[in-house]
Amino acid sequence: MSETPLPGAGDAGQPDFDEMTRDIAEVPAVEVIVTVAVNLMSAAAVKLGLTEEGDKYKDLDEARKLVSALAGLLDASATEISSFHAAPLRDGLKSLQLAFREASIVPDEPGQGPGEKYTGPIYG
């Protein structure tokens, strides 16, 4: 009995990297940046306990890393993506930063919270 390979898989069930490379080559850089930013935002929201599961996956140390990475990405790509894409991402980042501040037992000093070295102090 022979197995049918998975879509995008080469011989022996291995990923077909040539096909994957062709697929990613067709995606505009702005779309890749926005997708990564949205994934970081989603992961940070989970680690902040902002999902239906609430505190089940809450981990502020992990959330700090994700929010900082998101802020760094948005800072680095600000001139590369249009304000059409950047504005909602910045709003989401600020919401996550405020949620982090609210969730912290001992809040960071203004300017010391996650990502604030890129965004400046967040007050809320």
Side-chain angles (χ1 to χ4, degrees):
M1 177 168 119
S2 66
E3 291 185 28
T4 304
L6 298 172
D11 293 335
Q14 297 298 316
D16 183 347
F17 292 111
D18 290 336
E19 184 178 328
M20 291 169 62
T21 300
R22 280 191 304 276
D23 290 345
I24 198 70
E26 296 172 9
V27 179
V30 170
E31 190 174 325
V32 173
I33 293 166
V34 169
T35 299
V36 170
V38 169
N39 285 330
L40 287 167
M41 292 173 87
S42 298
V46 169
K47 297 298 184 177
L48 284 167
L50 301 176
T51 61
E52 289 180 12
E53 292 86 11
D55 290 344
K56 182 177 179 182
Y57 300 108
K58 189 173 184 177
D59 184 335
L60 293 183
D61 184 51
E62 291 289 300
R64 178 183 294 277
K65 294 170 188 171
L66 292 162
V67 172
S68 293
L70 174 61
L73 174 64
L74 295 181
D75 182 57
S77 63
T79 60
E80 306 300 327
I81 61 177
S82 67
S83 60
F84 173 79
H85 294 290
L89 295 173
R90 282 193 301 267
D91 290 344
L93 170 60
K94 183 175 181 180
S95 294
L96 290 169
Q97 289 172 310
L98 290 170
F100 185 93
R101 185 171 298 284
E102 186 176 302
S104 297
I105 295 170
V106 179
D108 296 314
E109 292 293 320
Q112 301 302 308
E116 290 184 23
K117 72 179 181 179
Y118 302 108
T119 64
I122 299 297
Y123 301 97

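Bear in mind that the values here come from a model prediction, so they are computed numbers and not experimental data. Only heavy atoms go into these numbers, but all of them, side chains included; no hydrogens, no water, no symmetry mates. Residue numbers run from 1 in the order of the sequence given.
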S.K.: Apply side chain to side chain contact (heavy atoms under 4.5 Å, CB included) to the pair Glu116 and Gln97, showing each step before the final yes or no.
M.R.: CA-CA 8 Å; Glu116 290 184 23; Gln97 289 172 310; 3.9 Å; yes

S.K.: If we ignore hydrogens and angles and just use 3.5 Å, is the side chain of Asp55 paired with the main-chain N or O of Lys58 as donor and acceptor?
M.R.: no

S.K.: Are Leu40 and Tyr57 connected into the same hydrophobic cluster when the rule is that any two of I, L, V, M, F, W, Y join if their side-chain heavy atoms are below 4.5 Å apart?
M.R.: no

S.K.: Kindly write out the residues that satisfy salt bridge (Lys or Arg N to Asp or Glu O under 4.0 Å) with Asp23, not counting sequence neighbours, or none if the list is empty.
M.R.: none

S.K.: Which hydrophobic side chains are connected to Ile122, either touching it within the sub-4.5 Å cutoff or through other members that do?
M.R.: Leu98

S.K.: Considering residues, nucleotides and ligands other than Glu53, do more than 12 of their heavy atoms fall under 6.0 Å from its CD?
M.R.: yes

S.K.: Between the main-chain N or O of Thr35 and the side-chain N or O of Asn39, is there a donor-acceptor pair closer than 3.5 Å?
M.R.: yes

S.K.: Applying a strict under-4.5 Å side-chain criterion to I, L, V, M, F, W and Y, I'd like to know whether Val67 and Leu50 cluster together.
M.R.: yes

S.K.: Which is it for Leu74 and Tyr118 under the side chain to side chain contact (heavy atoms under 4.5 Å, CB included) test, yes or no, and what are the steps along the way?
M.R.: CA-CA 9 Å; Leu74 295 181; Tyr118 302 108; over 6 Å; no

S.K.: Show the numbers, then the answer: is there a side chain to side chain contact (heavy atoms under 4.5 Å, CB included) between Met41 and Leu70?
M.R.: CA-CA 7 Å; Met41 292 173 87; Leu70 174 61; 3.3 Å; yes

S.K.: Per the salt bridge (charged side-chain N to carboxylate O under 4.0 Å, His left out) rule, what does the pair list look like for residues 24-45, sequence neighbours excluded?
M.R.: none

S.K.: Grab the two heavy atoms, one from Ala99 and one from Leu48, that are nearest each other, plus how far apart they are.
M.R.: CB-CD1, 4.1 Å

S.K.: Please report the shortest heavy-atom distance between Gly115 and Ser68, naming the atom on each side.
M.R.: N-OG, 3.2 Å

S.K.: Can you sort out the partners of Ala43 under side chain to side chain contact (heavy atoms under 4.5 Å, CB included), two or more places apart, ordered by chain and number?
M.R.: Leu66

S.K.: Which atom pair, heavy atoms only, marks the closest approach of Ala44 to Leu96?
M.R.: CB-CD1, 4.0 Å

S.K.: Nearest heavy-atom pair of Phe100 and Asp108: which atoms, and what distance?
M.R.: CE2-OD2, 3.6 Å

S.K.: For Lys117, what residues pass the side chain to side chain contact (heavy atoms under 4.5 Å, CB included) criterion, not counting sequence neighbours?
M.R.: none

S.K.: Can you list, pair by pair, the side-chain donor-acceptor contacts under 3.5 Å of residues 76-95, counting residues two or more places apart and other chains?
M.R.:
from, atom 1, to, atom 2, distance (Å)
Ser77, OG, Leu73, O, 2.8
Ser82, OG, Phe84, N, 3.4
Ser95, OG, Asp91, O, 3.2

S.K.: Is the closest basic N to carboxylate O distance between Arg64 and Asp59 below 4.0 Å?
M.R.: no

